[in-house]
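First up is the structure itself, then whatever we jot down about it.
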Amino acid sequence: MPDHPALQLHIPEPKHRPGEAADFSHIRLPKAGSVERPLITTSAYDIRELAFQLIRVLDDEGSPKGAWDPGLDAETLKRGLRAMLLTRAYDERMVRMQRQGKTSFYMKCTGEEAVAVAQAFAFERNDMFFPTYRQQGLLIARDWPILDMMCQVYSNSGDRLKGRQMPVMYSSREAGFFSISGNLGTQISQAVGWAMASAYKGDTRIASGWIGDGATAEPDFHYALTLASVYHAPVVLNVVNNQWAISCYQGIAGGDESTFASRGIGYGIPALRVDGNDFLAVFAVTRWAAERARSNLGPTLIELFTYRAAAHSTSDDPSRYRPADEYEKWPLGDPVDRLKRHLVAAGAWSNDEHQAMLAEVDAQVRDAGKQAEELGTLNHGPRPDVRTMFEDVLKEVPWNLARQRKELGL
Amino acid sequence: MPSMNMVQALNSAMDVLLERDPNVLIFGEDVGYFGGVFRVTDGLQKKYGRQRVFDTPIAEGGIVALAVGMGAYGLRPVAEIQFADYIYPAYDQLVSEAARIRYRSGAEWWCPITVRAPCGGGIFGGQTHSQSPEALFTHVCGLTTIMPSNPYDAKGLLISATEDDDPVVFFEPKRLYNGPFDGHPDRPATPWAKHPMSEVPEGHYRIPIGKASIVRPGAAVTVLTYGTMVHVSLAAAAETGIDAEIIDLRTLVPVDIEAIAASVNKTGRCVIVHEATRTSGYGAELSAMVQEECFFKLEAPIERVTGWDTPYPHAFEWQYFPGPARVGEALRRVTSDGGA
Ligand SMILES: Cc1ncc(C[n+]2csc(CCOP(=O)(O)OP(=O)(O)O)c2C)c(N)n1
Ligand SMILES: [Mg+2]
């Protein structure tokens, strides 16, 4: 027998678990402004290094640095700040309402608000989104009424989805926000199909799809990259690497071996990795990718590096699997604070104005909340008409459903 | 009227669809330049261009996902899965996505897609080129499942399927592509040209979804069947001399319950024939429906003649295949007085 070493099985494990102190010192953080900004016409091959970098614009003092600074005016940034604050206030209220038994379930995006909000700002209003359940900020940034979103969460009489979907699985054709699926990953490849259809029709609208770090392991992610690459689809594909998939750290999805952005390299897709908590950087990178798509230069893969500050959902308790101080130690901070600091440093914002904005979004959420509750909550008040349960399975109600509706006495 | 085999009829359907509606796109593995491994899309890329008829990577889940996304945009894609045996990677996109989008979005979006897949055995394809997975789709609310048995129906149904605003899974019994098959592999193959249903108009026509066809009227027993087994059942009736009423369901869901009930209530007897494996097969659903609709008229137990509950075996294809002898025995049992 040759003298081979005994084989060893590797099961990835996060560096720290509950009871231990979190430590992010292994993470390489390039300085703000240090990463080059290539022309959108640069080949994927020539910029492959960007998949291992981290594009950052805001430095620790909140001043924008380098070629990726999008140079947004203060008014736009204030609108971005407001959309993030509104998203956060909305999340806070809906979790409270879930705790009070007014709905069954809720999912926050706390700490990740810049991802959806800055990205929505970087697209045109009629570009099409194929999101996951953690991009409520896309709807809010497109000024979609939170009352409508609350009605969905409550499955009440105002729910346009007629109580058919679990909370947070929004759909808004008007807002270009595709119906959210509970089946992870399916939307990312559909986004490619939509983008190809738009290209086939000679339209000018592009598509964008989102997927979590955990869900990149699904085949749909590979389908999306392959198909987008083969057909040069005008699509922006986003991996939101918030480092957790319920209780599994990103190493379980393969994140320890290479960056999620680097997945794009093998497909010949330009891949950028961006500080997902830096509103300016997220905007700039997304705009760069959108311009590529709009100029018939094909797809871009973006990894948004962020941190899931809250529990996975109201059904989850992260203290059982990750250190309690992880968010505190997380070096990229909070996207709201960082944008605020930037605006203050630029002389365009003050603490007082910020407090006033906080109060204003709180009031907006409270008012919408009251209106929503008048339209019912999951177990109280008016609900969608139960007859509608049998509708929309197909365009016309087929005989079996007509019979079943009768059987239920309707 | 031209005579077409099933391949030509399906090709003609897609030709008509492409001609009439710029939103129709056709794609799948080998369907573009080459025209499909069964030649069903032959010549279409040449005629309509690569933008409308194109090859895809070998990614069934991705193919259906593209169709779903295109459908959401407003196109009417017809995707091919090269063999029904390879539709499973696309199952999630069909079941969780295509079939649910209308419902889950409150009809904000829908999914006007058609997924074609050659199915069934009788071609020595072994377990990976012979399956009939229709029951995995008939079980899914929101999907329409179709399986034609002849060129005329195939064309009219594919046009209806494509023009339908909801997702359709369209199974094509590959053993029927080039001729009707009566289940006697030892006899010379007959081409479609001699069959009346091979007369296919060149233009646009529809066969309604959800309507069965009585292919042989009779009084002694009702046979509920579809696909290749329509021809096998006809052979069994001829060989036994039993006056069977043979119903080609054509659409499995939504099924033509009225035609089924009217026939079984008339004959009082029912045999269900399909090529797919028995347990939880579509025959089980048909049997339950007949029981619910016709119990008091039934004069004998309902019988099922199906593929065995094994993978499709390469060497024992004809022992597996529910041929005319097995169907004939069931017809005899169900119609003999003491048979019950
Ligand atoms: C196909 C599928 N498998 C499993 C689940 C259950 N599930 C829901 S969310 C989730 C974790 C997803 O993590 P990630 O993709 O990183 O997204 P995040 O929740 O962090 O935004 C899992 C396993 C699911 N919804 N769908
Ligand atoms: Mg995650």
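Each chain gets a letter, A, B and so on, in the order the sequences are listed, and its residues count up from 1. All values derive from a computational prediction rather than experimental measurement.
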Which bit of B:P167 comes within less than 4.5 Å of chain A, counting heavy atoms only: side chain, backbone, both or neither?
neither
Specify which of B:V64, B:N23, B:I63 makes the most heavy-atom pairs with chain A at under 4.5 Å.
B:N23
Please indicate whether A:E396 has more than 12 foreign heavy atoms, meaning atoms of other residues, nucleotides or ligands, lying under 6.0 Å from its CD.
no
Let's go through A:F130 and A:F178 carefully: what are the C-alpha distance in whole Å and the side-chain angles of both, what is the deciding distance for ring-ring contact (aromatic ring centres under 6.0 Å, His included) to 0.1 Å, and is it a yes or a no?
CA-CA 5 Å; A:F130 287 80; A:F178 193 62; 4.7 Å; yes
Check whether A:M169 gets within reach of chain B through its side chain, its backbone, both or neither, counting any heavy atom under 4.5 Å.
neither
Suppose we call two aromatic rings close when their centres sit under 6.0 Å apart. Are B:F27 and B:F54 close by that rule?
yes
Answer yes if the ring centres of B:F137 and B:F171 are under 6.0 angstrom apart, and no otherwise.
yes
Tell me, for A:F221 versus chain B, whether the close heavy atoms (under 4.5 Å) come from the side chain, the backbone, both or neither.
neither
Donor-acceptor contacts under 3.5 Å from residues 399-410 of chain A side chains, at least two apart:
| unit_1 | atom_1 | unit_2 | atom_2 | d |
| --- | --- | --- | --- | --- |
| A:W399 | NE1 | B:V255 | O | 2.8 |
| A:R403 | NH1 | B:E293 | OE2 | 2.7 |
| A:R405 | NH1 | A:R387 | O | 3.4 |

Structural part of A:I180 lying under 4.5 Å from a heavy atom of chain B:
backbone
I'd like to know whether the aromatic ring centres of B:Y91 and B:Y88 sit less than 6.0 Å apart in this structure.
no
Against B:C294, only a single residue in B:T222, B:I260, B:V264 fulfils side chain to side chain contact (heavy atoms under 4.5 Å, CB included); can you say which?
B:V264
Under a 4.5 Å heavy-atom cut-off, does chain B meet the side chain of A:M389, its backbone, both or neither?
both
Which one of B:A72, B:P254, B:A99, B:A67 has the most heavy-atom pairs closer than 4.5 Å to chain A?
B:A72
How are the rings of A:W210 and A:F123 set to each other: parallel, tilted or perpendicular (split at 30° and 60°)?
perpendicular
Top contributor to chain B contacts, counting heavy-atom pairs under 4.5 Å, from A:V192, A:D203, A:T226, A:V230:
A:D203
At a 4.5 Å cut-off on heavy atoms, which part of B:Q51 comes close to chain A: side chain, backbone, both, or neither?
both
When you measure from the centre of the six-membered ring of B:F170, is the NZ or CZ of B:R116 closer than 6.0 Å and no more than 45° off the axis?
no
Heavy-atom pairs under 4.5 Å with chain A - which of B:P77, B:P22, B:G210 has more of them than the others?
B:P22
Need one label for B:W110: side chain, backbone, both or neither, based on atoms under 4.5 Å from any heavy atom in chain A.
side chain
Interface residues of residues 133-160 of chain A facing chain B - non-hydrogen atoms under 4.5 Å apart:
A:R160
Of the non-hydrogen atoms in B:T145 and B:T138, which two are nearest, and what is the gap between them?
OG1-N, 3.9 Å
Chain B contacts, top residue of A:A191, A:P398, A:P219, A:S198 (heavy-atom pairs, under 4.5 Å)
A:S198
Which answer fits A:L227, side chain, backbone, both or neither, if we ask what part of it has an atom under 4.5 Å from a heavy atom of chain B?
side chain
Do B:H139 and B:Y282 have their ring centres less than 6.0 Å from each other?
no
Ignoring hydrogens and geometry, is there a side-chain-to-backbone donor-acceptor pair from A:R292 to A:P299 under 3.5 Å?
yes
